Each structure stands twice: as C-alpha cells, then as structure tokens.
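See below for the structure under consideration.
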Amino acid sequence: MVLIIYRHYTNESIHKVTVKRLLFILLLILILSIISGLIITTKVLNKTISPEEHFRYVLEKPDGYENYDSFDIRELETQIKGYWNYQQENDVEMAAKIKKINSISGEWISEGEYTAGTDIPEGLYLCKNLRAEKDLSSPNLTIIRSSKKDISDQDYYIFKFMNYAFLNKGDVIKINDQTEIIPDNDNAYEQDIKKNFYGEGAYKLGEEIPKGEYFILSMDIQTGGAGVYDDKDKQLVSVSRFGYITLDNERAVNLDDCILIALDKKPDINPIDYEGKGKGEGKLVYPPGMYKIGVDIPTGKYQIKNEVFKNITDLSFTGYHGNESYNPGDWNWCGIVAGNEKQAKLLGWKQLELDSYLKHKERFVKISDYNNKYSYQKFNGLPTISFSEQNKGSEINIIRCILIPE
C-alpha cells in the first residue's frame with residue numbers, strides 16, 4: 001500500500017516536472033524567435049543599399065500603384081492671398097469668351113481628316129470645344145506633322161473650350177466630333193490687350209498678350225497642375241500650383257488650367273504652418289510651387305523633407321494631410337528643380353532628388369548638374385540646401401516636398 005502511494009506520488013511529480021520543462025522550452029523558443037525576428041528586421045532596415053538602388057524606379061506600375069499629386073487646396077489658398085477672387089474672375093472671363101467664340105460666323109471645319117495645303121489652308125487656326133470641357137480620353141485634335149519622319153509621333157491637343165493650332169503645308173489633322181476649327185487669317189477672334197490678368201484660353205503674342213514675364217497660377221482645384229503650350233502643342237512650362245514663364249518668340253500660347261498675371265500685379269506667396277510631426281513641426285514652411293529666390297522665398301539655409309500624400313480638395317478637411325509610403329518613379333518624384341540652365345549653373349545643380357527610403361537610417365540625395373551628370377550624397381536626418389545672395393532671382397520648383405527654414 002505504501003509502495004503504491006509512493007509510486008503514484010513519484011509519477012505525478014515527474015509529470016509536473018516534465019510539463020514545467022516543456023513550458024520552459026516553449027517560452028525559450030518564443031523569446032529566441034522574437035529576438036531573431038528583431039535582428040533580421042533591423043538588418044533589413046539598415047542593410048547597406050547602393051545609392052543606385054535607392055533611386056531604382058519601378059518601370060511597370062505595381063499592384064496598388066498610385067500617383068500622389070501631393071496637392072492640398074487648403075495650402076494653396078494660404079499661399080496665394082485672394083486665390084478665390086482669381087477663380088471667380090477667371091470663371092466670368094471664360095464664360096464671356098465662350099459666348100464670343102460661339103457667335104463667330106463663317107465656315108467652321110468640323111469632324112474629319114484634312115491635309116493642310118490640299119484640303120484646307122495652312123496657317124493659324126482658332127479651335128473650339130463644343131462641350132466646353134476637357135475629355136482626356138479623346139483628343140480634340142490629332143496632328144501628324146509633315147516635318148516628322150515617324151508618323152507615330154503625333155501631336156495631341158486636349159483643351160477645355162478654345163485653342164490655337166498652327167498647320168504647315170502637308171500636316172494632316174484629325175478633328176473629333178466635339179471640335180471645330182476656323183482659319184484665323186481673317187482675325188476671326190479678337191481680344192483686347194490687357195495689362196495684368198489673362199484668364200484661361202488662348203492668346204496671340206503681341207496682339208492679344210504682350211511679350212514679357214508672367215506669374216502662372218493654377219485654376220485646377222483637383223490636382224493643382226498647370227501648363228502653357230505653343231500653337232504646335234510644345235509644352236513651354238509645367239508647374240504645380242504656381243510658377244513663372246517668359247513669353248518671347250511664340251506665335252500664340254494656350255493656357256491649360258491656369259491664368260497669367262503681370263509681375264507688377266502678382267500676389268505675394270506665403271509660407272504655411274506645418275502640421276506634420278517631427279522636423280518642421282510648428283514652423284512656417286514652403287510647400288510645392290515655383291519660387292523666386294529672394295522674392296518669394298528668402299535666402300538662407302533650409303532642410304528638405306519628403307511630402308507625398310493623397311490630394312486634399314475639400315476645404316472642410318481638418319488636420320494634417322498625412323504622408324504615404326510610395327513606389328519610387330517619375331510619377332512620385334520628390335525634390336527641387338532649377339528654373340533653367342543659366343540658373344542651374346548659378347545654383348550648382350539642375351535637380352536635387354530625394355530617395356523614397358523614409359524609414360532607412362542611410363539615405364541619399366541624387367544631384368544632377370546642368371550637363372545631366374549626377375552624383376549621390378549620403379545624409380542622416382534631413383538634407384540641407386542653401387541659397388545665397390548670388391542666387392537671388394533664380395527660380396526653384398519644389399515638387400512633393402517642403403523646405404524648412406533653419
């Protein structure tokens with residue numbers, strides 16, 4: 001009896017010890033797994049990656065691809081005092097232009113394919129969109145230039161309500177069913193030259209708009225994009241929010257989602273209160289746009305910080321717009337671009353591109369010079385840039401990033 005009890009007790013003790021050992025082993029395995037995972041994660045986050053890898057673009061759109069315009073309408077209305085007054089003035093002027101164009105008599109050329117010099121005269125044409133709204137899926141005009149050897153290299157005109165297009169002899173033009181054109185050699189459409197404000201539309205240089213430098217202001221409250229093109233659809237400038245352009249040798253210009261303002265009437269550009277966390281928090285910073293150094297942005301030293309986010313087009317939205325992890329590529333390019341080659345030589349660089357490895361300890365800036373040669377500069381924290389007295393008057397285009405004064 002005593003022996004049986006002893007054996008039973010012993011077996012129970014052994015069972016308890018075995019369970020404890022098993023639990024201890026499992027706990028030890030779990031701890032080692034966690035430590036191993038942390039070590040691997042740390043190595044992944046901090047492994048040495050070549051500078052080239054930091055800027056290796058994804059050539060094909062990956063799953064979940066998204067193009068972040070990084071536009072915040074609340075920022076734009078803060079940057080440009082009286083922005084909504086410009087919007088209202090542009091709307092009034094645009095309505096008047098549409099009414100005037102529709103009242104033009106004469107033989108408008110409608111949908112079809114024509115060869116300049118054979119079917120229709122060569123020269124400058126006034127074009128109108130019958131719907132008075134852009135359709136990105138269907139070009140109003142498609143022109144195959146006789147001067148181009150590759151017939152697949154075509155010019156596509158997409159415009160809201162009016163446009164100027166020039167045809168040389170032998171050019172082939174295709175007009176869609178929502179567009180009509182008329183030769184401008186009989187001054188089919190005339191506009192009075194103003195002195196300060198030029199709303200959306202098209203202008204003949206020297207007749208309807210003087211030569212000179214102008215301030216560009218975007219009227220696109222969805223993306224903030226804007227562009228100016230000549231009558232052969234060559235893009236003269238593309239800006240986000242606002243910028244500058246000098247008109248000199250063009251025959252005619254087409255304004256895409258923007259207005260032009262004479263420099264002596266241009267609004268002041270204001271920095272904004274930064275609502276993000278970390279570097280720049282609570283400071284006045286300079287978000288995207290094209291700035292003149294010494295005019296719109298003071299000389300001095302600045303930190304550059306990526307700002308890639310989904311567009312904010314609702315004025316009632318409150319708080320910080322957030323920031324996204326993004327795939328590197330032209331569609332989400334972050335950095336600063338010099339205004340032109342002359343200014344690039346003064347600045348010492350043409351482009352400064354920030355990499356997309358936001359959580360990596362070792363980061364790089366890709367520096368391209370005016371000869372399109374590039375180098376890489378490693379940095380910790382945020383990279384810095386300085387503008388001197390020598391740089392005054394030069395233009396810089398800030399794209400998907402902010403400048404934080406030091």
Side-chain angles (χ1 to χ4, degrees), residues 49 51-52 54-55 57 68-72 75-76 78-79 224 239-243 269-309 320-339 343-344 346-370 374-388 390-392 394-406:
I49 300 176
E52 290 79 10
H54 279 249
F55 297 91
Y57 290 165
Y68 298 108
D69 292 309
S70 302
F71 173 66
D72 191 333
E75 293 180 355
L76 182 54
T78 300
Q79 290 173 282
V239 301
S240 174
R241 306 190 190 194
F242 53 82
I269 300 174
N270 306 302
I272 65 167
D273 291 312
Y274 187 57
E275 296 181 333
K277 299 297 182 181
K279 296 286 186 179
E281 184 176 359
K283 287 188 175 183
L284 287 174
V285 302
Y286 293 87
M290 183 185 285
Y291 298 79
K292 274 188 183 291
I293 299 171
V295 178
D296 308 316
I297 183 170
T299 56
K301 192 174 183 180
Y302 295 85
Q303 292 180 310
I304 315 170
K305 185 177 183 180
N306 304 58
E307 284 285 292
V308 180
F309 56 89
Y320 180 53
H321 50 59
N323 227 333
E324 301 286 342
S325 295
Y326 60 95
N327 291 301
D330 288 328
W331 53 81
N332 288 321
W333 196 96
C334 292
I336 307 174
V337 180
Q343 294 169 7
L346 289 173
L347 290 164
W349 48 265
K350 182 180 179 180
Q351 293 182 351
L352 300 177
E353 181 182 358
L354 297 177
D355 71 24
S356 60
Y357 285 65
L358 305 184
K359 296 181 180 180
H360 206 279
K361 285 186 177 181
E362 188 176 76
R363 296 187 60 200
F364 291 88
V365 173
K366 183 178 180 180
I367 305 169
S368 303
D369 66 17
Y370 45 85
Y374 57 86
S375 59
Y376 300 98
Q377 182 175 315
K378 185 167 65 176
F379 67 90
N380 294 313
L382 294 178
T384 59
I385 185 173
S386 295
F387 303 127
S388 66
Q390 182 185 7
N391 302 136
K392 279 188 172 181
S394 294
E395 296 152 9
I396 55 166
N397 200 358
I398 301 174
I399 302 170
R400 296 185 188 89
C401 62
I402 59 172
L403 295 191
I404 307 167
E406 283 202 338

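None of these values were measured; they are calculated from a predicted model.
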For atom [atom1] of [X], decide whether the heavy atoms of other residues, nucleotides or ligands shown that lie under 6.0 angstrom number more than 12.
X      : atom1 : answer
Glu281 : CD    : yes
Lys279 : NZ    : no
Tyr374 : OH    : no

Flag the pair [X] / [Y] as yes when at least one side-chain heavy-atom distance between them is below 4.5 Å, and no otherwise.
X      : Y      : result
Ile272 : Asp72  : no
Pro298 : Tyr286 : yes
Ile399 : Pro288 : no
Ile304 : Val365 : no
Thr384 : Phe379 : no
Tyr291 : Ile269 : yes
Asp355 : Lys366 : no
Leu354 : Cys401 : yes

[X] side, atom [atom1]; [Y] side, atom [atom2] - distance, nearest 0.5 Å:
X      : Y      : atom1 : atom2 : value
Leu347 : Asn391 : CG    : CG    : 4.5 Å
Glu395 : Asp296 : CD    : CG    : 9.0 Å
Ile396 : Ile297 : CD1   : CD1   : 4.5 Å
Asn306 : Ser70  : CG    : OG    : 9.5 Å
Ile385 : Tyr302 : CD1   : OH    : 10.0 Å
Gln343 : Ser394 : CD    : OG    : 4.5 Å

Exercise: identify the closest heavy-atom pair between [X] and [Y]:
X      : Y      : answer
Thr299 : Ser388 : CG2-O, 3.4 Å
Gly280 : Val285 : O-CG1, 4.4 Å
Asn397 : Gly289 : OD1-O, 3.4 Å

- Message: Between Tyr320 and Phe309 (judged by ring centroids, cut-off 6.0 Å), do the two rings come close enough to count as a pair?
- Response: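 For Tyr320 and Phe309, the ring centres are not under 6.0 Å apart.
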- Message: Determine whether Ile402 and Tyr274 satisfy the following criterion, side chain to side chain contact (heavy atoms under 4.5 Å, CB included), listing intermediate values before the conclusion.
- Response: CA-CA 9 Å; Ile402 59 172; Tyr274 187 57; 3.6 Å; yes
- Message: salt bridge (Lys or Arg N to Asp or Glu O under 4.0 Å), that's the test. Do Glu307 and Arg400 meet it? Break it down for me.
- Response: CA-CA 5 Å; Glu307 284 285 292; Arg400 296 185 188 89; over 6 Å; no
